Visitor: 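One structure, as structure tokens, below. Some questions next.
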Amino acid sequence: MKFFIDSADIQEIREAHSLGLIDGVTTNPSLIAKTGRGFGEVVGEICSLVAGPVSLETVSRDAAGMAREGEGLVRYGKNVVVKVPMTTEGLKAVRLLGERGIKTNVTLCFSPVQALLAAKAGAAYISPFVGRLDDVSQSGMDVIGQIVKIYANYKFTTEVLVASIRNPIHVLTAALMGAHVATMPFAVIKQLAQHPLTDIGVERFLKDWEKVPNKF
Ligand code: E4P
């Protein structure tokens with residue numbers, strides 16, 4: 001399973017990257033705005049730091065505009081994946097960009113049939129937002145299970161990129177379901193490594209180690 005960090009904060013991305021566990025990055029306009037920095041400056045730094053796929057989002061509403069923006073975005077690095085929204089115009093943009101050899105990530109997906117359309121259009125990734133579904137009392141992870149099943153039924157090559165992850169249970173369930181990628185905030189990546197029994201165990205071993213007479 002691949003792990004992406006969902007962030008535009010270069011410090012966070014650098015720290016996560018140093019763990020050696022990060023396969024790529026996803027960003028969105030809200031994450032870029034949160035940095036308070038210019039778009040070009042931020043994404044330039046991200047693309048030079050991370051070798052894996054970096055998703056950068058378009059903001060046009062029409063396919064031609066998205067395709068035009070996408071062609072501009074890939075100039076930031078050969079690892080750039082162009083994010084388009086799960087709209088009919090977004091699906092047209094997936095085709096247009098695909099014809100130009102540009103990979104796409106269809107974002108803001110909230111249903112298995114939307115994911116089916118994105119795969120048929122030829123998207124490299126589909127991003128179903130599990131946390132935002134949970135927020136409206138719909139099970140985000142049920143949607144992931146259905147998408148994974150549909151893609152397997154028809155051998156689609158589009159990768160299921162579980163997005164809007166809020167906690168380690170989302171990651172665990174996504175892994176059990178066989179989703180290809182989980183993109184998550186740095187806080188969740190750190191939570192994955194934590195267990196209170198690990199901390200207690202380390203403390204106990206170090207305390208007992210003090211009692212050992214001839215060390216190393
Ligand atoms: C994914 O590509 C999105 O940037 C992200 O996961 C959205 O998450 P949120 O619902 O926490 O904003």
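Counting starts at 1 for both ligands and their atoms, in listed order. Model, not experiment: these values are computed from the prediction.
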Visitor: In terms of the angle between their ring planes, are Trp209 and Phe216 parallel, tilted or perpendicular, with boundaries placed at 30° and 60°?
Guide: tilted
Visitor: Flag yes if Tyr125 and Val148 sit in one hydrophobic cluster, no otherwise; membership is Ile, Leu, Val, Met, Phe, Trp, Tyr, and two members link when side-chain heavy atoms are under 4.5 Å apart.
Guide: no
Visitor: Who passes ring-ring contact (aromatic ring centres under 6.0 Å, His included) against Phe3, sequence neighbours left out?
Guide: none
Visitor: Give the cluster check for Val84 versus Leu161: same hydrophobic cluster or not, with ILVMFWY residues linked at side-chain heavy-atom distances below 4.5 Å.
Guide: no
Visitor: With a 4.0 angstrom cut-off on heavy atoms, strictly below it, pick out the residues next to ligand 1 and order them by chain and number.
Guide: Asp6, Thr26, Asn28, Lys83, Phe129, Arg132, Ala163, Ser164, Arg166
Visitor: For the residue pair Ser55 and Thr26, confirm or rule out a side-chain donor-acceptor distance under 3.5 Å.
Guide: no
Visitor: If you count heavy atoms of other groups shown closer than 6.0 angstrom to CZ of Arg100, is the number above 12?
Guide: yes
